[in-house]
Amino acid sequence: MVLLLFGPPGSGKGTQSQKITRWLGIPAISTGDMLRAEIGSGSALGKAAASIMANGGLVGDDLVNRMLADRLLQPDCANGFLLDGYPRTVEQAEFLDNLISERRLEKPVILHLDVPLDALVGRLTSRRQCPKCKRIYNLLQQPPKSPGICDDDGAPLEIRKDDSEDVVKERIRTYDELTRPVLAYYQDRKYFQIRGDRSPGYIFEEITGILDPLVSKNGAGRGGASVKRANGSRRK
Ligand code: ADP
């Protein structure tokens, strides 16, 4: 299954993509994480991306498209993948469409996590992430058990550089201007809008409810654990 996860910065894409990929057994590919890794490694791409990301703008389509096309060639993508944060412009969406037809990949399923824009700044400035396992916390709604420490591996949690209030506002503006039109581009596909202003568990229930029939229909493997339903029953 090829999944595209959309939503403004702070809509909970990262949290849901971790849950979905564990459930479906496909990799989650976040272009933001890939770009941060490039910055960390000091590569030419990282150097080109760093100041753009620090200011809340978008890295150039050519660079991101090439990076994504290479990543999708890796063997872990053979049975499908989830894209988090890509495509972010109509040009990227067109590039992805070409790639999908050239490589004869499955037609994508689009999930749109919709959150009112005025809720986002508070969510992002209270976000913390484990640099080791990438788990995301929120100091207001999902704090770690010990302050500043990841529950899973004890690593000290970090604040993303671009989660300061002024950069967050710019990222939201960029989303509105450049990424919202991508949603219109996908309207006539397998497109599902989900209200993202509810608890992560509830949202995941809704997502599994949407994807379950599609997964069963095309027979894609589901590698992860069973999902606990709201009524207490479990399904595999
Ligand atoms: P968020 O969705 O919370 O803004 P991401 O980790 O997805 O965070 O992205 C962080 C930054 O990385 C973006 O603000 C942008 O500068 C850059 N970036 C990520 N994905 C793309 C993309 N597909 N095209 C261009 N820039 C991107």
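These numbers come from the heavy atoms of this one structure, side chains and all, not from hydrogens, waters or symmetry mates. Order of listing sets the numbers, starting from 1, for every ligand and every atom in it.
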Report task. May I have the step-by-step check of side-chain hydrogen bond (donor to acceptor under 3.5 Å, both in side chains) for Tyr186 and Asp97, ending in yes or no? Result -> CA-CA 11 Å; Tyr186 284 118; Asp97 264 349; 4.9 Å; no
Query raised in the report: Which hydrophobic side chains are connected to Tyr137, either touching it within the sub-4.5 Å cutoff or through other members that do?
Result: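 Its cluster partners, ordered by chain and number, are Leu157.
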**Report entry** Side-chain ion pair, Arg195 and Asp114, N-O less than 4.0 Å
**Finding:**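 Salt bridge between Arg195 and Asp114, a charged N being under 4.0 Å from a carboxylate O: no.
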Query - Salt bridge flag under 4.0 Å for residues Asp33 and Arg36 - result: yes
Query raised in the report: Taking any residue with a non-hydrogen atom under 4.0 angstrom from an atom of ligand 1, which ones do you get?
Result: Pro9, Lys13, Thr31, Gly32, Leu35, Arg36, Met53, Gly57, Leu58, Val59, Val64, Gly85, Tyr86, Arg88, Gln92, Arg127, Arg160, Asp162, Arg171
**Report entry** Thr89 and Asp61 side chains, donor-acceptor separation under 3.5 Å
**Finding:** yes
Query raised in the report: Going by atom types only, do Ser43 and Glu38 share a side-chain donor-acceptor pair under 3.5 Å?
Result: yes
